[in-house]
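Single-structure report; data block below.
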Amino acid sequence: MEQRTAPALTGVRNFRDVGGLPAADGRAVRPGLLLRSGHLAHATPEDVAALVGLGLRSVIDLRGTADLRAERMDVPVPGSTHRSIALTDPAAGAKFHGLLREGDLATLRAQLGDGGGEARMVAAYRNRVVTRTAEHALILRVLAEPDGVPALIHCSAGKDRAGWAIAVVLLALGVPEEAILADYLASNGPAQAYRFRRADGSVPEPGSELWTLLRPAFEARPEYLRAAWDTVREHWRTPEAYLREGLGLTDQGRRRLRELLLTEARTVS
C-alpha cells in the first residue's frame with residue numbers, strides 16, 4: 001500500500017488521508033479528498049488553518065451525546081459544513097462510556113475481564129452494521145453532494161465509528177478488504193493512539209491492570225473489523241448486496257462517488 005501524507009495536527013488525534021489506497025479498475029483513492037480523525041474539540045488555530053488549507057468542505061461528526069458531554073463540540077473549520085450523523089457509541093453507548101470513565105477497578109474487572117471487553121467491542125461492531133444503515137447511507141450521499149468533498153469523517157478516537165464509516169466508503173470505491181483492514185489498523189500507530197482520560201483526569205498507566213482492562217476499547221483489532229464483515233455477509237450475503245440493498249447505493253451513486261474520489265493509480269505520487 002502506498003504511503004500517504006497529511007499535515008501534522010497537534011490537537012487532533014489519528015488524523016490521516018486515505019488517499020492512495022488501491023481501488024476498482026486499477027485506480028486509486030485520490031489523495032486529499034477523504035480524511036479521517038478523532039474529534040476536533042481541541043483543534044488548535046494552526047490545526048484549523050491546516051484543514052482550511054486542504055480545502056475542507058465537509059466535517060462529518062459521528063459522535064453522540066455522551067461523547068459531546070465529555071469532549072465538547074468540534075472547533076469550527078471555516079469554509080466547511082459541519083454535519084452531525086450520530087452513531088452508537090462504541091460498545092453500548094453512554095452506559096459503556098460512563099463505565100470506562102468512572103467505573104472502579106472491581107466493576108471494570110467484573111465487566112471487562114476474561115475477554116469481556118473484546119466481546120463488547122465485537123458486539124458493538126456487529127450491531128452498528130445492522131442498526132445504522134440509514135446513517136451510513138447518508139454519509140455516502142453527503143460525499144456525493146456538489147460540495148461534499150474534501151471531507152473529514154471523525155468520531156471520538158477515529159477508529160471505531162469512523163473506522164467502519166470509512167470502510168463503507170472504501171467498499172463503495174472498490175478498495176479490497178485487505179487494504180481497508182490495513183488502513184483501519186493504522187489507528188494503532190504511536191502517533192495515532194487515543195489518549196483516554198478518566199473522569200478524575202487520570203490517564204491509565206501502560207501495563208497496569210486498569211490499562212489492560214480498558215485496552216480492548218482503545219485499540220483497533222482485526223477481529224473487530226472482521227466481525228463487521230461477517231455480519232454483512234450473514235445479513236446480505238455479499239458486500240455488494242449490503243451496499244445496494246442495505247444502504248440503497250445505486251449504480252449512479254456509485255459512479256458519482258468513484259468519479260469524485262478515484263483517480264488512475266499511475267497518477268498518484
Side-chain angles (χ1 to χ4, degrees), residues 6 8-18 34-44 47 51 59-75 84-103 108 112 117-118 120-125 127-128 132 135-136 139 151-169 180-199 201-204 206 210-225 227-228:
L9 305 184
T10 58
V12 181
R13 305 296 293 182
N14 206 2
F15 176 73
R16 61 187 187 272
D17 184 351
V18 302
L34 186 59
L35 306 155
R36 57 180 295 173
S37 74
H39 65 73
L40 307 186
H42 305 307
T44 66
D47 295 337
L51 294 173
V59 175
I60 301 176
D61 186 348
L62 306 179
R63 295 177 298 161
T65 54
D67 307 288
L68 295 174
R69 281 196 298 268
E71 300 158 354
R72 304 196 304 270
M73 291 289 294
D74 283 341
V75 173
S84 176
I85 304 178
L87 300 179
T88 50
D89 297 338
K95 184 177 181 180
F96 186 64
H97 196 277
L99 172 67
L100 297 179
R101 285 179 51 81
E102 302 171 8
L108 291 168
L112 304 181
E118 292 90 338
R120 280 177 175 264
M121 294 302 293
V122 167
Y125 273 69
N127 179 70
R128 192 172 298 122
R132 296 294 175 167
E135 289 83 353
H136 289 103
I139 291 168
L152 171 64
I153 298 176
H154 80 79
C155 52
S156 290
K159 71 177 185 69
D160 296 314
R161 289 163 287 180
W164 182 245
I166 288 288
V168 168
V169 178
I180 295 174
L181 177 61
D183 175 72
Y184 168 77
L185 294 175
S187 290
N188 290 329
Q192 314 295 353
Y194 184 57
R195 187 173 175 83
F196 178 71
R197 289 188 180 276
R198 300 263 287 164
S202 65
V203 177
L210 178 60
W211 179 82
T212 300
L213 288 168
L214 297 179
R215 189 176 177 185
F218 297 104
E219 288 185 341
R221 297 187 175 182
E223 55 265 35
Y224 299 165
L225 196 62

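Side chains included, hydrogens not; waters and symmetry mates left out as well; all remaining heavy atoms used.
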Can you tell me how far the [atom1] atom of [X] sits from the [atom2] atom of [Y], to the nearest 0.5 Å?
X    : Y    : atom1 : atom2 : answer
L214 : E219 : CG    : CD    : 11.0 Å
N127 : R120 : CG    : CZ    : 13.0 Å
I85  : L62  : CD1   : CG    : 7.0 Å
L40  : F15  : CG    : CZ    : 9.0 Å

For a quick test of reading the model, state the closest non-hydrogen atom pair linking [X] to [Y] and the distance between them.
X    : Y    : result
A165 : I139 : CB-CD1, 3.9 Å
E223 : V122 : O-CG2, 4.4 Å
S187 : G158 : OG-O, 3.7 Å
A43  : V12  : CB-CG2, 3.8 Å
A162 : C155 : N-SG, 3.4 Å
L35  : I166 : O-CD1, 4.3 Å

Given side chain to side chain contact (heavy atoms under 4.5 Å, CB included), test L225 with W164 step by step and report yes or no. CA-CA 8 Å; L225 196 62; W164 182 245; 3.7 Å; yes
So, [X] versus [Y]: side-chain donor-acceptor pair below 3.5 Å or not?
X    : Y   : result
S37  : N14 : no
R63  : S84 : no
H154 : D74 : yes

Under a 3.5 Å distance rule, please check whether D47 uses its side chain to pair with a backbone N or O of G11 as donor and acceptor. yes
N188 (side chain) donor-acceptor with A220 (main chain) under 3.5 angstrom: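 Yes, N188 side chain to A220 backbone: donor-acceptor pair under 3.5 Å.
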Output, in order, the C-alpha distance, side-chain angles, deciding distance and verdict of side chain to side chain contact (heavy atoms under 4.5 Å, CB included) for M73 and L68. CA-CA 6 Å; M73 291 289 294; L68 295 174; 3.8 Å; yes
Check step by step if side chain to side chain contact (heavy atoms under 4.5 Å, CB included) holds for V59 and I153. CA-CA 6 Å; V59 175; I153 298 176; over 6 Å; no
Would you mind reporting whether L152 and I60 have side-chain heavy atoms less than 4.5 Å apart?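 Side-chain contact under 4.5 Å: no.
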Hey, does L112 have a side-chain heavy atom less than 4.5 Å from the side chain of P216? no
Can you list the steps and then say if D183 with R36 is a salt bridge (charged side-chain N to carboxylate O under 4.0 Å, His left out)? CA-CA 10 Å; D183 175 72; R36 57 180 295 173; 2.7 Å; yes
Report the C-alpha distance between Y224 and Y184 in whole Å, list the side-chain angles of each, state the deciding distance to 0.1 Å, and finish with yes or no for side chain to side chain contact (heavy atoms under 4.5 Å, CB included). CA-CA 10 Å; Y224 299 165; Y184 168 77; 3.5 Å; yes
Among H39, R161, R72, which one satisfies side chain to side chain contact (heavy atoms under 4.5 Å, CB included) with D67?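 Among H39, R161, R72, the one that satisfies the side chain to side chain contact (heavy atoms under 4.5 Å, CB included) with D67 is R161.
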